[in-house]
There are 2 protein chains.
Amino acid sequence: MGRIEYKNYDRFLLAVDCIIFGFDGSGLKALLIKRGLEPEIGKWSLMGGFAEKEESVDSAAQRILYKLTGLEKIYMEQLHCFGDVGRDPGGRVVSIAYFALIKIDESSTELLNSHNAKWFDLKKLPSLVFDHKAMVKLAKERLQQKVSNHPIGFELLPTKFTLQQLQGLYEAIFETAFDKRNFTRKILSLGILQRLDEKEKESSKKGAFYYIFDKKKYKQLESEGIKLI
Amino acid sequence: MGRIEYKNYDRFLLAVDCIIFGFDGSGLKALLIKRGLEPEIGKWSLMGGFAEKEESVDSAAQRILYKLTGLEKIYMEQLHCFGDVGRDPGGRVVSIAYFALIKIDESSTELLNSHNAKWFDLKKLPSLVFDHKAMVKLAKERLQQKVSNHPIGFELLPTKFTLQQLQGLYEAIFETAFDKRNFTRKILSLGILQRLDEKEKESSKKGAFYYIFDKKKYKQLESEGIKLI
DNA sequence: TAAATAAATGTATAATATACACTTAATATT
DNA sequence: AATATTAAGTGTATATTATACATTTATTTA
């Protein structure tokens, strides 16, 4: 069968917008840029761009994440298609939003600077262009839901981390405090953490053991979707 | 600020495809049509169509559901954007998939016939065009997930239904058997069902009480997202 | 009035979630 | 060398929820 091009249907600009989450030990953060084109040039915005004809939408999202952070092979998930008619005053643009989880210190500072990018605490977001606020809100809800059943929170932490850092991350994501004993017991009972002999000693005299993942168990749980929180 | 049209970016055909779920007392069903245009004309397909410039993507999905079933104000949820380059051999079409839950006997028979539509058991699907099989698979997974935490299963049942019908629905969705006593206890403990004095008497001599929803409790749970299964 | 049928119901046990406070290891201070 | 300081690390009791499992009940039909 030859290639038939569908005729006489409306064509759309397709944007991809990325909610890039990070965690710096205190709050959950999102990476925002100063928008570089009209309309609303100079306002805070999610990193985005237009999809191109010869790439998949997923690839476009990866390309755009790479463009801002220099990072590849990052945990990224499609969030939602935002398709309201008036969402972008610059034209009829349908946007596919993705969220990504990155280790906050691994992105390229030069790239971030060149895009006028900045990390913002989720609880202190500036006003954003278009419907980007709704995107962030939905992304946060999805992250909460996802992190409850899938071991992806680790994507936001350094390779080795203490139990208190892990708990701090979950508390930041859910904006609630957990009981240390119960949290520790539960997370260790999953058997996906491996304790190192090394200790983190900056925040206490006693020092807290570092942990890393047991990759094998991790993969297993990822596919099964075990309840974490 | 005037209206700026973004220039020089690729434009895409935007399709909307609907996974329409129904339940007839035995298995979970999906509504399929015989595709009416090339390529792959005559093959089984999800109901779909192209989005138009002056409507939101959500509206397009509603329009397409209405076109096939004659139904409005239906539970419908965006599923996922399918954006691979080669997904539609007829052109570069990005599709936004939605899933809908309808009462199987409420759709217009004339409309269904005019589209050559037919209900298929999810476990006995024919081969489908493009990536529609993946869409159905994802929709089923999302339905399972959603129905576990939100009281939406009822959208698939008649207004009044018996506990056995409700259990049958959940068993069909999860493709597993539940213990009748535990299921009944749990579902009734939510307090969202109201028992009628009327009984269904076709399937037994004793007869089974009909239930309807307690709308107020229903709304409350819908927003809170209480665990059902 | 007996038989047949599916509906309706309860209880014991296991697993999981929650609430709650003291001990320990290492360093810093006197 | 002894003591104070700091956050890390840990256990137990109770409540809640999930699971496993079989008999009684209401109604119709023979």
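Chain letters run A, B, ... following the sequence lines, proteins first and then strands; every chain starts at 1.
- Annotation for K133(B): atom NZ counts as buried by contact number, over 12 foreign heavy atoms lying within 6.0 Å.
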Letter by letter from the 5' end, nucleotides 13-22 of chain C scores (B base, S sugar-phosphate only, - none; protein heavy atoms under 4.0 Å) ----SBBBB-
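- In the 5' to 3' direction, nucleotides of DNA chain D lying under 4.0 Å from heavy atoms of chain A begin and end at dT5(D) to dT12(D).
- Regarding Q167(B), its CD atom lies at a distance of 11 Å from the P atom of dA8(C), rounded to whole Å.
- Within the structure, salt bridge (Lys or Arg N to Asp or Glu O under 4.0 Å) contacts touching residues 145-166 of chain B (residues at least two apart or in different chains) are E77(B)-K146(B), K160(B)-E198(B).
- The aromatic rings of Y75(B) and F99(B) sit tilted relative to each other, their planes meeting at an angle between 30° and 60°.
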Identify each donor-acceptor pair in which a side-chain atom of residues 164-171 of chain A lies under 3.5 Å from a protein atom, sequence neighbours left out, and give them as a table.
unit_1, atom_1, unit_2, atom_2, d
Q165(A), OE1, T162(A), N, 2.8
Q167(A), NE2, E171(A), OE2, 3.0
Q167(A), NE2, F178(A), O, 2.8
E171(A), OE2, F178(A), N, 2.7

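- Note that K118(A) lies in the cation-pi zone of F120(A), set by a 6.0 Å cut-off to the ring centre and a 45° limit from the axis.
- Under a cut-off of 6.0 angstrom, the local environment of OH in Y66(B) is sparse, with at most 12 non-hydrogen atoms contributed by other residues, nucleotides or ligands.
- Put simply, CD on E198(B) is 16 Å from C1' on dA7(C), counting in whole angstrom units.
- Between L188(A) and K205(A), it is K205(A) whose nearest contact on DNA chain D lies nearer the 5' terminus.
- Within the 4.0 angstrom heavy-atom criterion, no nucleotide atom of any strand lies near T162(A).
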Give the table of side-chain donor-acceptor pairs shorter than 3.5 Å for residues 207-214 of chain A, with sequence neighbours excluded, one pair per line with atom names and distance.
unit_1, atom_1, unit_2, atom_2, d
D214(A), OD1, K216(A), N, 3.2
D214(A), OD1, K217(A), N, 3.4

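- Between dA26(C) and K201(A), no contact under 4.0 Å exists linking OP1 or OP2 to a side-chain N or O.
- The minimum heavy-atom distance linking L28(B) with A172(B) is given by the pair N-CB, 3.7 Å.
- Q164(B) has its CD atom 17 Å from the P atom of dT5(C), to the nearest Å.
- Spacing between atom CD of E202(B) and atom C1' of dA7(C) amounts to 16 Å, rounded to whole angstrom units.
- The environment of K67(A) atom NZ is sparse: at most 12 non-hydrogen atoms of other residues, nucleotides or ligands sit within 6.0 angstrom.
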How does DNA chain C read in dot-bracket, base by base from 5' to 3', with Watson-Crick or G-U pairs under 3.5 Å and | used when the partner is on another strand? ||||||||||||||||||||||||||||||
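- Closest approach of M76(B) to A100(B), counting heavy atoms only: SD-CB, 4.0 Å.
- Each of L157(A), I104(A), L101(A) was checked for a side-chain contact (heavy atoms from CB on, under 4.5 Å) with F23(A), and the lone residue meeting it is L157(A).
- Nearest-nucleotide mapping onto DNA chain C: of K206(A) and K206(B), the residue sitting toward the 5' end is K206(B).
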